[in-house]
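Residue indices begin at 1 and follow the sequence shown. The basis for the numbers below is simple: all heavy atoms, side chains too, and nothing from hydrogens, waters or symmetry mates.
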Amino acid sequence: MGAYEQAALRQSDHAEASGALVPLQTELESEGTLAPFLLRRLISATPKHLRREGPKPNPFLPWDGDLEVERLGQSHLLLLNKYPVQRGHLLLITQQWEPQRGWLTALDWQALAHVDQDSPGLWFFNSCAEAGASQPHRHLQLLPRARGEEPCPLHAAFETQLQSEASVWPWRYCLSRRQQGGKPGAAEELQQLYRQHCQELGLGTADEASQPRAPYNLLLSSDWVLTVRREQEHWAGFSINALGFAGYLLRTDSSDLSWLRQNGPWALLQAVATPHP
């Protein structure tokens, strides 16, 4: 267990005692027909970030000190997710305002690579509300994993594709192997893959526009990087962010479980992602 993950768990005890941390209560549902996807049902009241109530204030300016884990120089800091499903769920946020809709920068990748070298796991990024982002302030998210632990339910599917070098899903995405995961040079490699994926998916470049041309999700582990171009945030009552493309689904009282059972999770992802031209 890395130092940042240990610090997150210690801070979680304090933040939960103070009421700053509000863990979400869920239960794993036994839906064997959905494998390898994992479906959880939300038992707690639906948190604000999953409700459609229009613009929200920025909770990161200022951020809640009870949720702060560690500052990373002058640019970024690690913050506990206020509404975690997994204990130790971390946010990597910019200390000053940067838009979630903007391009990820070299400083973002340097901060991510620094944390990832100590505390690896499943990283994800939702580029805007249409891709599942709940806040407008720049934040990447980390679900820590033990070294050697599979990062997500679709890891095996990603590995199969990487070995065969074949794209199999009917939506626009890029999947690339990481060579420098947890090593010096990881930040530069991630930035290069990010630029490559954005260009291949028609999102553009920072030289061409102030923000990407379409919503997208990023997922990355120590072994791979996945970028998915998005069309919309929800379908059949399911709110889908980057974790959906990792194989994690969450249903609320408004989710149409019968639709999911009839059509399957792959159809759910296809409904919210941008189809191939």
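Interatomic distance, Glu165 CD to Leu175 CG, rounded to the nearest 0.5 Å: 11.0 Å. Summarising the geometry, atom OG belonging to Ser127 is positioned 11.0 Å from atom CG belonging to Asn241; distances are rounded to the nearest 0.5 Å. Note: Leu28 CG to Leu39 CG = 7.5 Å, rounded to the nearest 0.5 Å. Between Arg172 atom CZ and Ser167 atom OG the span is 12.0 Å, to the nearest 0.5 Å. Of the inter-residue distances, the one linking Ser12 atom OG with Asp66 atom CG reads 11.5 Å to the nearest 0.5 angstrom. Separation of atoms CD (Gln86) and CG (Asn81) is listed at 10.5 Å; rounding is to 0.5 Å.
Side chain of Asn217 to backbone of Ala131: a donor-acceptor contact under 3.5 angstrom is found. At distances below 3.5 Å, not a single donor-acceptor pair connects side-chain atoms of Arg145 with backbone N or O atoms of Leu122. Asp116 contributes no side-chain N or O that, together with a main-chain N or O of Leu112, makes up a donor-acceptor pair within less than 3.5 Å. Using modelled atom types, one side-chain atom of Trp103 and one backbone atom of Ala209 make a donor-acceptor pair closer than 3.5 Å. Side chain of Gln232 to backbone of Ala271: a donor-acceptor contact under 3.5 angstrom is found. Between the side chain of Gln191 and the backbone N or O of Thr105, no donor-acceptor pair lies under 3.5 Å. In this structure, the side chain of Thr160 engages the main chain of Ala156 through a donor-acceptor pair within 3.5 Å. Under the 3.5 Å distance criterion, the side-chain polar atoms of His276 are matched with a main-chain donor or acceptor of Trp169. In this structure, Ser44 contributes its side chain and Gln25 its backbone to a donor-acceptor pair below 3.5 Å. At least one donor-acceptor pair under 3.5 Å links the side chain of Gln95 to the backbone N or O of His76.
Sparse packing is recorded around CD of Gln74, with 12 or fewer heavy atoms of other residues, nucleotides or ligands lying under 6.0 Å away. Applying the 6.0 Å contact sphere to CD of Glu27 captures more than 12 heavy atoms from other residues, nucleotides or ligands.
Under the 4.5 Å side-chain heavy-atom criterion for ILVMFWY residues, a single connected hydrophobic cluster contains both Val69 and Leu72. Note on Leu140 and Phe60: same hydrophobic cluster, where clusters join Ile, Leu, Val, Met, Phe, Trp and Tyr whose side-chain heavy atoms are under 4.5 Å apart, directly or indirectly. Under a hydrophobic clustering in which Ile, Leu, Val, Met, Phe, Trp and Tyr are joined whenever their side-chain heavy atoms come within less than 4.5 Å, directly or via other members, Met1 and Val115 fall into different clusters. Trp109 and Ile93 fall within a single hydrophobic cluster, where Ile, Leu, Val, Met, Phe, Trp and Tyr side chains are chained together by heavy-atom contacts under 4.5 Å. If you chain together hydrophobic residues whose side chains sit under 4.5 Å apart, Val225 and Leu92 fall into the same group.
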Query - Audit row: Leu190, Gln180, side-chain contact (heavy atoms from CB on, under 4.5 Å) steps and yes/no - result: CA-CA 9 Å; Leu190 287 170; Gln180 303 298 322; over 6 Å; no
Report task. Please step through side-chain contact (heavy atoms from CB on, under 4.5 Å) for the pair Arg177 and Glu159, ending with a clear verdict. Result -> CA-CA 9 Å; Arg177 173 75 68 188; Glu159 285 294 331; 2.9 Å; yes
Report task. Check the pair Ser134, Tyr83 against side-chain contact (heavy atoms from CB on, under 4.5 Å), reporting the backbone distance first and the verdict last. Result -> CA-CA 11 Å; Ser134 61; Tyr83 301 104; over 6 Å; no
Requested in this report: Give the intermediate values and the outcome of side-chain contact (heavy atoms from CB on, under 4.5 Å) for residues Leu220 and Leu226.
Outcome: CA-CA 6 Å; Leu220 66 96; Leu226 173 72; over 6 Å; no
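Phe125 and Tyr216 have tilted rings, their planes meeting at an angle from 30° to 60° on a 0 to 90° scale. The aromatic rings of His137 and Trp97 sit perpendicular, their planes meeting at an angle over 60°, well past the 30° parallel limit.
Nearest heavy-atom pair, Ala186 versus Arg178, reported as atom, atom and distance to 0.1 Å: CB-NH2, 3.8 Å. Heavy atoms only, all atoms of each residue included: Thr274 and Glu231 are closest at OG1-OE2, 2.8 Å. For the pair Pro153 and Gly247, the tightest heavy-atom approach, listed with the atom from each and the gap, is CG-O, 3.7 Å. Shortest non-hydrogen contact noted between Gln135 and Pro59 is OE1-CD, 3.1 Å. Residues Leu21 and Leu67 approach most closely at CD1-CD2, 4.1 Å, considering heavy atoms. When all heavy atoms of Pro120 and Leu142 are compared, the pair lying nearest together is C-CD1, 4.4 Å.
Using a 4.0 Å cut-off between charged nitrogen and carboxylate oxygen, Lys183 and Glu189 do not count as a salt-bridge pair. We find that Arg71 and Glu68 are joined by a salt bridge, their nearest charged nitrogen and carboxylate oxygen being less than 4.0 Å apart. Between Glu130 and Arg101 there is a salt bridge, since at least one side-chain N of the basic residue sits less than 4.0 Å from a carboxylate O of the acidic one.
A 4.5 Å side-chain heavy-atom check between Thr94 and Asp108 finds at least one atom pair inside the cut-off. Residues Arg230 and Phe245 are in side-chain contact: their nearest non-hydrogen atoms beyond the backbone lie under 4.5 Å apart. In this structure, the side chains of Gln11 and Glu70 stay at 4.5 Å or more apart for every pair of heavy atoms. At a threshold of 4.5 Å between non-hydrogen side-chain atoms, the residues Glu5 and Leu90 do not count as touching. The shortest distance between side-chain heavy atoms of Gln199 and Thr205 falls below 4.5 Å. Looking at heavy atoms from C-beta onward, Trp235 lies out of side-chain contact with Ile240 at the 4.5 angstrom threshold. Proximity of Leu243 to Leu250: side-chain heavy atoms (C-beta onward) are nowhere separated by under 4.5 Å. The side-chain heavy atoms of Gln196 and Ser176, taken from C-beta on, include a pair separated by under 4.5 Å.
In summary, of the residues considered (Tyr173, Phe124, Trp123), a side chain to side chain contact (heavy atoms under 4.5 Å, CB included) with Leu219 occurs for Phe124 alone. Screening Arg261, Arg40, Arg41 against Glu29 for a salt bridge (charged side-chain N to carboxylate O under 4.0 Å, His left out) leaves a single residue, Arg41.
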